[in-house]
J.: 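Let me begin by handing over the structure; questions about it come next.
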Number of protein chains: 2
Amino acid sequence: MKLEKAAAQLEALGNPTRLNIYRLLVRAGDEGLPVGRIQEKLDIPASTLSHHCKRLIETGLVTQERQATTLICRANYPAMQGLIGYLADECCADATCSPVAKESVA
Amino acid sequence: MKLEKAAAQLEALGNPTRLNIYRLLVRAGDEGLPVGRIQEKLDIPASTLSHHCKRLIETGLVTQERQATTLICRANYPAMQGLIGYLADECCADATCSPVAKESVA
DNA sequence: ATCGAATTTCGATAATTGTCGAAATTCGAT
DNA sequence: ATCGAATTTCGACAATTATCGAAATTCGAT
């Protein structure tokens, strides 16, 4: 993974609201979560939420699928996997860090 | 780990310059790298670099040790380990994500 | 072809972050 | 106690990001 991309994903997750959104999506699993549902849970204005979702989507960490007027958001696991792998590979060269995610992830 | 702390660390790494600094430190290993050395490698003004280092230090991802007038920076591996663990645990509940770093990191 | 629900886009403002030179600090050596 | 080297702190400005209401869009149902 390119450093710029990793940084963009890290930055996307590096906002408490967005990290919360992402965690919600992970917990929702394959089913995903409609935007409106996220809004209820986090109690933030629709436009603000939409902005944060957009940011997560732009970096590839989240995907959106339309079901009628409802937009379903889902955590994009392979993207997170890639990010964790990057951190483990590029940013954790020491033995004290879990020697995982180098080649064993597949 | 608390969400707020994880977000702070992710945000710290979510800047290309800081991610670069961090990677440099990882590659430098236990020996660490003096601030001036980082500056040479990245070619950025001292005050700007100092600001970024400070941010990394504040989140616990980097430590600093004084050797005379020189300040040596080091990547704090346990912190990164904790962050990777958080991502794997809290943000990667699916089987497609490496089932690592849950308990096996020790 | 209209309506209402779900969501985004727009636009404006507030808040935070990044950048950098100048001045201040720290500390060993003289 | 002064000097020079390494680095930080300060202060100012630029750039980016966050927030939110209002208006626009999308789409199924009527």
Side-chain angles (χ1 to χ4, degrees), chain A residues 3-25 28 31-76, chain B residues 3-25 28 31-76:
Chain A
L3 180 136
E4 279 287 354
K5 185 184 175 185
Q9 293 185 333
L10 290 165
E11 196 227 22
L13 293 172
N15 170 283
T17 301
R18 284 195 294 266
L19 188 52
N20 247 320
I21 293 170
Y22 190 82
R23 287 210 320 160
L24 241 45
L25 294 181
E31 211 182 315
L33 220 52
V35 173
R37 212 60 197 280
I38 302 174
Q39 195 193 342
E40 285 170 17
K41 297 212 182 203
L42 298 186
D43 191 33
I44 50 181
S47 56
T48 301
L49 174 57
S50 183
H51 167 251
H52 285 305
C53 285
K54 192 178 178 184
R55 257 158 121 26
L56 286 168
I57 291 165
E58 279 168 357
T59 62
L61 286 165
V62 165
T63 61
Q64 244 180 9
E65 182 206 353
R66 184 148 228 144
Q67 277 183 15
T69 70
T70 300
L71 286 173
I72 310 270
C73 298
R74 287 193 185 80
N76 183 14
Chain B
L3 180 137
E4 280 287 355
K5 184 184 175 187
Q9 293 185 332
L10 290 166
E11 197 229 20
L13 294 172
N15 170 284
T17 300
R18 285 196 295 266
L19 188 51
N20 247 321
I21 292 171
Y22 190 82
R23 286 209 320 161
L24 240 44
L25 294 180
E31 210 181 314
L33 221 52
V35 173
R37 212 62 198 281
I38 302 174
Q39 195 193 343
E40 286 170 17
K41 298 211 180 204
L42 297 186
D43 191 33
I44 50 182
S47 57
T48 302
L49 175 57
S50 183
H51 167 251
H52 285 306
C53 286
K54 193 179 179 185
R55 257 157 122 23
L56 286 167
I57 291 164
E58 280 168 356
T59 63
L61 286 166
V62 165
T63 61
Q64 244 180 8
E65 182 205 353
R66 183 148 228 144
Q67 277 183 13
T69 69
T70 300
L71 287 172
I72 310 268
C73 299
R74 287 193 186 81
N76 182 14

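First the proteins, then the strands, lettered A, B, ... as listed; each starts at 1.
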J.: Tell me, please, which residues at least two apart from Q39(B) pass side chain to side chain donor-acceptor pair (under 3.5 Å).
T.: none
J.: What is the first contacted nucleotide of DNA chain C and what is the last, in 5' to 3' order, if contact means an atom lying under 4.0 angstrom from a heavy atom of chain B?
T.: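 First-to-last contact on DNA chain C, by the 4.0 Å heavy-atom rule, is dT17(C) to dG28(C).
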J.: Listed by chain and number, what are the side chain to side chain donor-acceptor pair (under 3.5 Å) partners of H52(B), not counting sequence neighbours?
T.: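 So H52(B) forms a side chain to side chain donor-acceptor pair (under 3.5 Å) with R18(B).
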J.: Roughly how far apart are C73(A) SG and L24(A) CG, rounded to 0.5 Å?
T.: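 C73(A) atom SG to L24(A) atom CG measures 10.5 Å (nearest 0.5 Å).
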J.: Name all stems that contain residues of DNA chain C, defined as runs of 3 or more consecutive Watson-Crick or G-U wobble pairs, both distances under 3.5 Å.
T.: C:1-30 with D:1-30
J.: So which atom in L10(B) and which in G14(A) form the shortest heavy-atom distance, rounded to 0.1 Å?
T.: CB-CA, 3.7 Å
J.: Let me confirm one number: the CD1-CG distance from I21(A) to L49(A), rounded to the nearest 0.5 Å.
T.: 5.0 Å
J.: Kindly state each residue pair satisfying salt bridge (charged side-chain N to carboxylate O under 4.0 Å, His left out) with at least one member in residues 36-50 of chain B, sequence neighbours excluded.
T.: R37(B)-E40(B)
J.: Is the closest side-chain heavy-atom distance between L56(A) and L13(A) below 4.5 Å?
T.: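 L56(A) vs L13(A): side chains touch.
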J.: Test of understanding: with side-chain contact (heavy atoms from CB on, under 4.5 Å), list the residues that count as partners of A7(B), not counting sequence neighbours.
T.: P16(A), L19(A)
J.: Quick one, which residues of residues 67-76 of chain B touch DNA chain D with a heavy atom under 4.0 Å?
T.: T69(B), T70(B), L71(B)
J.: Are the side chains of I38(A) and L25(A) in contact, using a 4.5 Å heavy-atom criterion?
T.: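 Yes; the side chains approach each other to less than 4.5 Å.
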J.: Could you identify which residues of residues 43-50 of chain B place a heavy atom less than 4.0 Å from some atom of DNA chain D, listed by residue number, or say none?
T.: A46(B), S47(B), S50(B)
J.: Taking N or O atoms only and anything under 3.5 Å, show me the protein contacts with nucleotides 11-17 of chain D, one pair per line.
T.:
{"from": "dT17(D)", "atom 1": "OP1", "to": "E11(A)", "atom 2": "OE2", "distance (Å)": "3.2"}

J.: Which atom names give the shortest non-hydrogen contact between R23(B) and L3(A), and what distance separates them?
T.: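 Shortest heavy-atom contact: NE-CD1, 3.6 Å.
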J.: Kindly state each residue pair satisfying side chain to side chain donor-acceptor pair (under 3.5 Å) with at least one member in residues 55-74 of chain B, sequence neighbours excluded.
T.: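 The answer is E11(B)-R55(B), E65(B)-R74(B).
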J.: Tell me which residues in residues 57-65 of chain A put a heavy atom below 4.0 Å from DNA chain C, sorted by number, or none.
T.: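 When residues 57-65 of chain A is checked for heavy atoms under 4.0 Å from DNA chain C, the hits, listed by number, are Q64(A).
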J.: Looking only at non-hydrogen atoms, find the nearest pair between V62(A) and Y22(A) and report the distance.
T.: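 Nearest heavy atoms, V62(A) then Y22(A): CG2-CD1, 3.9 Å.
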J.: Is there a side-chain contact between T17(B) and T48(B) in this structure, where contact means two heavy atoms from C-beta onward sitting under 4.5 Å apart?
T.: no
